[in-house]
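Please read the structure below before turning to the comments.
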2 protein chains.
Amino acid sequence: MFGHQEDYLKLIAPELPEILLRRYRLLRRICFSAPVGRRTLASCLGVGERVLRREIGVLRDQGLVRVEPGGIYPSSAGRALVAGITPYIKSLLGLTSLEERLLGLLKVQRVTVVPGELEEDEVVLWEMGRAAARVLRECLAPGMVLAVSGGTSCAAVADMLPASPGPEGITVVPARGGLGEIVDYQANTIAARVADKLQSRYRLLHLPDSLSQEAIDMLLAEKRIKEIMDLIHSAEVLLHGIGTAEEMATRRGAGEEERRRLREKGAVGEVFGYFFNASGEVVERVPSLGLYLEDLGGRIKNTIAVAGGRKKAEAIVAVVGNHPRDLLVLDEGAARRILELFESREPSSGRRPAPVSR
Amino acid sequence: MFGHQEDYLKLIAPELPEILLRRYRLLRRICFSAPVGRRTLASCLGVGERVLRREIGVLRDQGLVRVEPGGIYPSSAGRALVAGITPYIKSLLGLTSLEERLLGLLKVQRVTVVPGELEEDEVVLWEMGRAAARVLRECLAPGMVLAVSGGTSCAAVADMLPASPGPEGITVVPARGGLGEIVDYQANTIAARVADKLQSRYRLLHLPDSLSQEAIDMLLAEKRIKEIMDLIHSAEVLLHGIGTAEEMATRRGAGEEERRRLREKGAVGEVFGYFFNASGEVVERVPSLGLYLEDLGGRIKNTIAVAGGRKKAEAIVAVVGNHPRDLLVLDEGAARRILELFESREPSSGRRPAPVSR
DNA sequence: ACCGGGGGGGACTTTTTTTGACCCAATGGG
DNA sequence: CCCATTGGGTCAAAAAAAGTCCCCCCCGGT
């Protein structure tokens with residue numbers, strides 16, 4: 001009954017989405033990167049300076065932003081608006097119904113689609129992080145162990161997580177050992193930052209991610225390592241990003257030969273060391289210490305997957321789904337692309353579409 | 001929680017109400033008086049022909065209207081839209097909160113405010129009629145007697161009442177004998193039309209409205225008259241318009257002397273022969289056959305008052321209110337004016353403001 | 001059969017708004 | 001102290017909107 005209000009609006013005022021979206025994106029951007037200047041904003045949003053000036057004028061007159069020498073700041077009303085109007089924007093863009101369709105297609109517990117396209121607008125990443133952070137907080141209960149993986153998406157979650165105490169006795173651990181990457185995007189770093197925000201304990205796994213089996217066995221014999229491993233395996237909530245197979249292979253420094261093998265096996269998606277083909281089967285595994293896929297069936301109550309960008313669509317479909325424990329947070333671009341994948345393959349809505357070459 | 005959505009919209013897109021209202025009024029107009037031409041519409045809505053043309057273009061592109069040689073017709077989607085979006089428009093214009101404030105000020109059971117100003121746009125009358133018709137239908141129960149008065153407002157209710165059977169055994173009667181007016185606006189005529197729409201019985205009172213006491217006594221002795229009178233007195237629902245004292249006095253052909261007396265007594269409102277001062281007291285009564293004010297306290301379950309136009313505001317306040325049985329349907333113009341009356345008199349929100357000279 | 005009034009659509013000019021491209025003084029961080 | 005960046009101002013070009021016609025058509029009454 002109430003979902004039709006937006007349709008009515010779009011019918012009688014078809015220019016509304018354009019106005020609304022433009023202004024919403026602008027205000028959102030201001031909120032995220034204040035103080036910010038006109039020219040910066042204009043180049044970010046891809047509009048002329050003069051146009052932006054008019055828009056800013058409107059927002060200023062409405063008391064949504066303060067314009068000062070030094071830049072443009074959001075007012076408290078502006079911040080409140082951007083938070084409060086998001087569900088509205090979502091339903092106006094059809095994201096609410098998009099969420100429902102994905103819920104049915106992927107058969108997960110919950111889907112959150114964030115407006116925008118991550119590859120075009122970095123703000124979308126933060127917004128995704130904020131959405132995932134909200135979901136994460138809802139999952140936490142006293143005494144739980146939370147495992148987090150690395151990547152920019154998870155880093156964004158840590159960034160956007162409000163700094164207010166979580167439930168009692170939370171312990172945050174990395175899902176796996178560190179990748180040889182920028183420290184900000186390592187699981188360890190993110191675990192620590194999440195724990196900091198939640199004001200909870202954390203334990204780290206200061207180890208390289210990719211190891212030989214002997215090294216692993218040896219390390220497992222260590223008492224301190226064993227302790228942390230037990231902690232990791234007792235995790236009840238898992239927060240992880242999703243990588244495309246190629247990108248992750250490259251990032252791990254895989255050689256040409258290894259990448260060719262992955263391609264031949266049809267790997268499209270990756271989650272903490274596991275490579276999945278389009279049918280959701282594991283085709284390769286980077287040996288390391290940390291959470292194993294098998295553990296997901298056990299204690300894990302919820303896995304929160306965060307990913308965005310059209311190019312991640314296939315990876316997302318490969319990795320997530322068919323698990324009522326899965327909570328998926330993604331951006332509009334990936335969401336629409338996933339829908340395309342399903343539609344182009346099987347109009348009869350079976351899960352697991354084969355990969356589509358782009 | 002949800003009432004803030006419109007405020008958000010107005011904040012971030014302050015030009016929205018203008019666009020929306022213009023288009024809503026246009027579409028509503030088309031619905032009510034199709035087929036209709038550009039020029040007619042333009043003069044009605046007070047906009048240039050060219051702008052109207054653009055608006056029509058938008059509505060056409062949205063599939064809300066059909067544009068044919070012969071005029072502009074609403075599509076079924078257009079009709080559905082105009083009906084479905086009305087509550088939205090109301091809350092956007094603040095009419096929903098206006099209704100709540102009037103509810104508190106007048107202490108009636110229910111208030112329905114229709115967007116627009118009756119004196120400027122005749123469509124508002126019809127829309128008011130439609131709203132009142134809906135209220136009326138909700139009041140009816142099997143076997144009830146419904147009394148209706150005369151006037152343009154009640155005539156509009158009869159017009160807009162959908163022609164679908166009402167509850168079983170409804171009987172429609174005029175609240176009073178006929179006024180010496182245009183037949184379309186007489187209580188008898190309206191009673192018959194309402195009954196026709198509801199597919200129910202009706203009984204009429206073919207008598208002049210203003211009579212001497214002897215004549216009344218004589219008529220009451222008549223068996224057939226007595227029957228109808230009993231029926232009228234057993235009415236459980238009453239639908240009536242509200243007149244300003246001056247207008248009604250003039251319409252009844254009162255002389256200068258009589259009108260001066262009414263003025264001196266402070267009469268501002270009129271309902272089927274009773275004149276009320278601003279405090280809601282009866283100051284004059286036109287002797288006639290039909291419903292007496294005293295009857296209202298008895299069997300009457302609901303009285304539906306319909307009135308519109310800024311000039312009716314004082315009359316409405318004088319006549320209606322302080323009765324939990326009262327259902328009020330009015331237009332935006334009258335509603336806002338009533339609020340002004342209360343505010344200008346007693347900020348402490350006591351009922352019954354003294355009359356304000358205009 | 002035949003007007004004639006009101007219907008939509010097209011075309012043209014005028015006006016207003018929008019937009020792009022500057023420059024300027026001020027401010028704040030390095 | 002300096003330089004980069006800020007918001008504000010201005011002005012001309014461009015585009016969009018709006019006002020004003022005229023034309024043709026259809027329908028209905030004569």
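Within every chain, numbering begins at 1; the chains are lettered A, B, ... in the order of the sequence lines, protein sequences first and strands thereafter.
For DNA chain D, the outermost nucleotides in 5' to 3' order that have an atom under 4.0 Å from a heavy atom of chain B are D:dA18 to D:dC22.
A:Ile72 comes within contact range of the sugar-phosphate backbone alone, with a heavy-atom separation under 4.0 Å but no base atom that close.
Heavy-atom distances under 4.0 Å link DNA chain C to no residue of residues 9-24 of chain B. Remark: B:Val67, B:Glu68 in residues 60-69 of chain B come within less than 4.0 Å of DNA chain C through at least one heavy atom.
Between B:Leu118 atom CG and B:Lys311 atom NZ the span is 8.0 Å, to the nearest 0.5 Å. The distance from atom NZ of A:Lys10 to atom CG of A:Leu93, rounded to the nearest 0.5 Å, is 7.5 Å. Summarising the geometry, atom CZ belonging to B:Arg23 is positioned 10.5 Å from atom CD belonging to B:Glu18; distances are rounded to the nearest 0.5 Å.
Put simply, the side chain of A:Glu119 does not reach to within 4.5 Å of the side chain of A:Val124, judged on heavy atoms. Side-chain atoms of A:Leu98 and A:Arg336, non-hydrogen and from C-beta on, do get closer than 4.5 Å to each other. Considering only heavy atoms from C-beta on, B:Ile56 comes within 4.5 Å of B:Leu41 through its side chain. A:Cys154 is listed as a side-chain neighbour of A:Ile190, based on a closest heavy-atom distance under 4.5 Å.
Residue order along DNA chain D, read from the 5' end via each residue's closest nucleotide, puts A:Val36 first among B:Gly70 and A:Val36.
In this entry the distance linking CG of B:Leu41 with C1' of C:dG8 reads 12 Å, nearest Å.
Salt-bridge annotation for A:Glu332 and A:Arg25: absent, with no side-chain N of the basic residue lying under 4.0 Å from a carboxylate O of the acidic one.
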What verdict does the side-chain hydrogen bond (donor to acceptor under 3.5 Å, both in side chains) test give for B:Thr112 and B:Arg134, after you've listed the backbone C-alpha separation in whole Å, the side-chain angles of each residue and the deciding distance to 0.1 Å? CA-CA 10 Å; B:Thr112 305; B:Arg134 194 161 36 234; over 6 Å; no
Salt bridge (Lys or Arg N to Asp or Glu O under 4.0 Å) evaluation trace for A:Arg54 with B:Glu15: CA-CA 13 Å; A:Arg54 194 171 49 80; B:Glu15 65 273 48; 5.8 Å; no
Please lay out, stage by stage, how A:Lys312 and A:Glu247 fare under the test side chain to side chain contact (heavy atoms under 4.5 Å, CB included). CA-CA 10 Å; A:Lys312 289 276 183 79; A:Glu247 193 185 340; 4.1 Å; yes
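Residues A:Val329 and A:Met128 come closest through the heavy atom pair CG1-O, 3.8 Å. In terms of heavy-atom proximity, B:Leu81 sits nearest to A:Tyr8 at CD1-CD2, 3.1 Å.
A donor-acceptor pair is defined here as one N or O able to donate and one able to accept, closer than 3.5 Å; no such pair exists between the side chain of A:Ser91 and the backbone of A:Thr96.
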Distance-only donor-acceptor pairs under 3.5 Å for side chains of residues 29-39 of chain A, two or more places apart:
{"unit_1": "A:Arg29", "atom_1": "NH1", "unit_2": "A:Glu122", "atom_2": "OE2", "d": "3.4"}
{"unit_1": "A:Ser33", "atom_1": "OG", "unit_2": "A:Arg29", "atom_2": "O", "d": "2.9"}
{"unit_1": "A:Arg38", "atom_1": "NH2", "unit_2": "A:Glu49", "atom_2": "OE2", "d": "3.1"}

Under 3.5 Å between N/O atoms: give me all the protein pairs with nucleotides 16-23 of chain C, atom names plus distance.
{"unit_1": "C:dT19", "atom_1": "OP2", "unit_2": "A:Arg54", "atom_2": "NE", "d": "3.4"}
{"unit_1": "C:dT19", "atom_1": "OP2", "unit_2": "A:Arg54", "atom_2": "NH2", "d": "3.4"}
{"unit_1": "C:dG20", "atom_1": "O6", "unit_2": "A:Arg50", "atom_2": "NE", "d": "3.2"}

Go ahead and write out DNA chain D as dot-bracket, 5' to 3': ( ) for pairs within the strand, [ ] for ones crossing earlier pairs, | when the partner sits on another strand, dots for unpaired; Watson-Crick or G-U wobble, both distances under 3.5 Å. ||||||||||||||||||||||||||||||
